[in-house]
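All remarks here apply to the structure that follows.
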Amino acid sequence: MAMLKDGKVVIVGGSSGIGLGVAQAVVAADAHVVIVGRSAAKLELAQRTLDAGSRVSAIAADMTNEQDVARTLSDVGSFDHLVSTAGTPPPGYPIGDTDMEVVRGFVDNKLVGAVLLAKHAVRTLKVGGSMTFTSGINKDRPPVPGGAVVSAVAGSFSYFARALALELAPMRVNIVSPGWVDTPMWDELVGEAKSAFFAEMAPRLPARKIATPADVAPAYIHLMESEFTTGETIRIDGGHNLI
Ligand SMILES: NC(=O)c1ccc[n+]([C@@H]2O[C@H](COP(=O)([O-])OP(=O)(O)OC[C@H]3O[C@@H](n4cnc5c(N)ncnc54)[C@H](OP(=O)(O)O)[C@@H]3O)[C@@H](O)[C@H]2O)c1
């Protein structure tokens with residue numbers, strides 16, 4: 001087990017939701033964290049929430065923009081682990097109503113962004129380091145109708161990690177697949193209906209609750225620390241894939 005203490009972890013998406021939860025867990029493990037997101041205001045608020053002084057730094061960048069990704073990773077320099085939780089709410093059109101511009105934007109943000117991150121991180125990630133990306137329950141239990149695109153994109157991450165784990169060995173590459181987590185993405189997606197969605201889902205889940213970011217952060221910490229885990233997808237979904 002390679003403990004995180006005093007290591008440097010870059011979290012793209014670290015200004016909100018699951019990524020901010022992982023940043024809190026990284027700080028609690030006495031490591032340094034660089035949080036990355038597009039909005040400077042969200043990054044500033046997250047830095048205040050983390051309240052860990054020089055252990056936390058922030059870089060505003062859009063991971064769909066190759067120049068931004070290259071500049072970010074060059075500014076970070078040598079580092080130990082890359083985590084990406086970046087993503088935007090998924091499109092939910094029945095297939096016949098698909099808005100191709102929205103779908104291309106979603107794929108660009110989620111999947112192409114991960115490819116760009118891996119392309120540039122490989123230059124400065126330390127030997128023994130890891131990359132962890134985020135997929136999600138929608139690949140196992142797609143919303144019907146409208147779940148085809150998000151399911152395809154989320155599902156592709158497992159195969160992305162398996163191939164990269166071989167190509168980049170001994171660097172490790174893994175995926176976390178969360179279930180429903182109460183984050184600002186839900187507020188953006190369904191607004192005030194969020195509490196009704198959660199009230200309906202929570203009692204059906206084997207875990208009997210909707211996760212908080214703190215509930216799923218340990219999966220990311222495990223994948224960074226476990227030197228024997230690579231090419232793997234870890235579900236942390238309260239048993240959602242079973243129902
Ligand atoms: N919440 C859930 O129930 C759930 C379930 C399964 C899977 N997931 C997946 O988990 C990931 C994180 O979700 P979340 O709920 O934590 O969402 P969130 O609270 O909205 O956080 C998303 C983060 O990604 C950043 N981001 C988005 N696009 C970016 C880009 N192009 N470049 C850099 N940063 C970017 C956002 O910051 P800026 O907006 O400032 O860029 C923010 O920090 C998503 O990919 C989501 O699909 C979530």
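These figures come from a predicted structure and were not determined experimentally. Every number for a ligand or one of its atoms is a count from 1 in the order of the listing. All values below come from the heavy atoms of this structure, side chains included, with hydrogens, waters and symmetry mates left out.
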Only heavy atoms of W186, strictly under 4.0 Å: list the atoms of ligand 1 that pass. 1 (N), 2 (C), 3 (O)
At under 4.0 Å between heavy atoms, which part of P90 makes contact with ligand 1: side chain, backbone, both or neither? neither
Atom 19 (O) of ligand 1: which protein heavy atom is closest, and how many Å away? S16 OG, 2.6 Å
Contacting atoms of ligand 1, where contact means under 4.0 angstrom from a heavy atom of W180: 3 (O)
Given the rule that I, L, V, M, F, W and Y join up when any side-chain heavy atoms are under 4.5 Å apart, are L111 and M185 in one cluster? no
Heavy-atom distances under 4.0 Å decide this one: backbone, side chain, both or neither, for N109 against ligand 1? side chain
Is G13 in polar range of ligand 1, meaning some N or O pair under 3.5 Å apart? yes
Run down the list G17, G179, G136, A60 and name the one with the heavy atom closest to atom 5 (C) of ligand 1. G179
Give the residue and atom name of whichever protein heavy atom lies nearest to atom 48 (C) of ligand 1, and the separation in Å to one decimal. I18 CD1, 3.8 Å
Single-linkage hydrophobic cluster, 4.5 Å side-chain cutoff, L50 and I59 together: no
Which of the atoms in ligand 1, numbered in the order shown and given with their element, are less than 4.0 Å from a heavy-atom of D62? 30 (C), 31 (N), 32 (N)
Would you indicate which of S39, S135, A40, G87 comes nearest to atom 9 (C) of ligand 1 when only heavy atoms are counted? S135
Single hit among K126, R172, K5 for salt bridge (Lys or Arg N to Asp or Glu O under 4.0 Å) with D80: K126
Tell me which one of K42, M185, M63, K110 gets a heavy atom nearest to atom 32 (N) of ligand 1. M63
Considering non-hydrogen atoms of the protein only, which is the closest contact for atom 26 (N) of ligand 1, and what is the distance? A86 CB, 3.8 Å
Are any of the N/O atoms on S15, whether in the backbone or the side chain, positioned under 3.5 angstrom from an N/O atom of ligand 1? yes
Enumerate the salt bridge (charged side-chain N to carboxylate O under 4.0 Å, His left out) contacts for residues 49-61, please, sequence neighbours excluded, ordered by first and then second residue. D6-R55
First locate atom CD1 of I243, then atom CG of L205, and finally report the distance between them rounded to the nearest 0.5 Å. 5.0 Å
Report the residue from N65, N109, T64 that forms a side chain to side chain contact (heavy atoms under 4.5 Å, CB included) with R38. N109
Output side-chain donor-acceptor pairs under 3.5 Å for residues 145-168, partner residues at least two apart or in another chain, one line each.
from : atom 1 : to   : atom 2 : distance (Å)
S156 : OG     : V153 : O      : 2.6
S158 : OG     : T233 : OG1    : 2.7

the protein heavy atom lying closest to atom 10 (O) of ligand 1 turns out to be T134 CG2, 3.4 Å
For atom 6 (C) of ligand 1, what's the nearest protein heavy atom and its distance? P178 O, 3.4 Å
Would you say V181 has any N or O atom under 3.5 Å from an N or O of ligand 1, going by distance alone? yes
Which option, H240, E188, K139, R38, owns the non-hydrogen atom nearest atom 41 (O) of ligand 1? R38
side-chain hydrogen bond (donor to acceptor under 3.5 Å, both in side chains) between D215 and T212, worked out: CA-CA 5 Å; D215 289 323; T212 63; 3.1 Å; yes
Backbone N or O of H222 within a donor-acceptor pair of the S226 side chain at under 3.5 Å? no
I'd like to know if P213 contacts ligand 1, where contact means a heavy-atom distance under 4.0 Å to any ligand atom. no
In the protein, which heavy atom is nearest to atom 34 (N) of ligand 1, and how far is it? G37 CA, 3.6 Å
In this structure, atom 33 (C) of ligand 1 is nearest to the protein heavy atom A61 O, 3.4 Å
Give a yes/no on ligand 1: does G113 have at least one heavy atom closer than 4.0 angstrom to it? no
Is the backbone of M201 close enough, under 3.5 Å, to the side chain of W180 for a donor and an acceptor to pair up by distance? no
Taking N or O atoms only and a 3.5 Å limit, does T88 qualify as a polar contact for ligand 1? no
Does CZ in R104 sit with more than 12 non-hydrogen atoms of other residues, nucleotides or ligands closer than 6.0 Å? no
Salt-bridge present (D237, R141; N to O < 4.0 Å): no
Would you check the N or O atoms of T183, main chain and side chain alike, for any that come under 3.5 Å of an N or O of ligand 1? yes
Can you report which non-hydrogen protein atom sits closest to atom 11 (C) of ligand 1, along with the distance? T85 O, 3.0 Å
Do Y220 and T85 have side-chain atoms, one donor and one acceptor, less than 3.5 Å apart? no
Test side-chain contact (heavy atoms from CB on, under 4.5 Å) on H32 and V26 and set out the steps. CA-CA 7 Å; H32 297 266; V26 167; over 6 Å; no
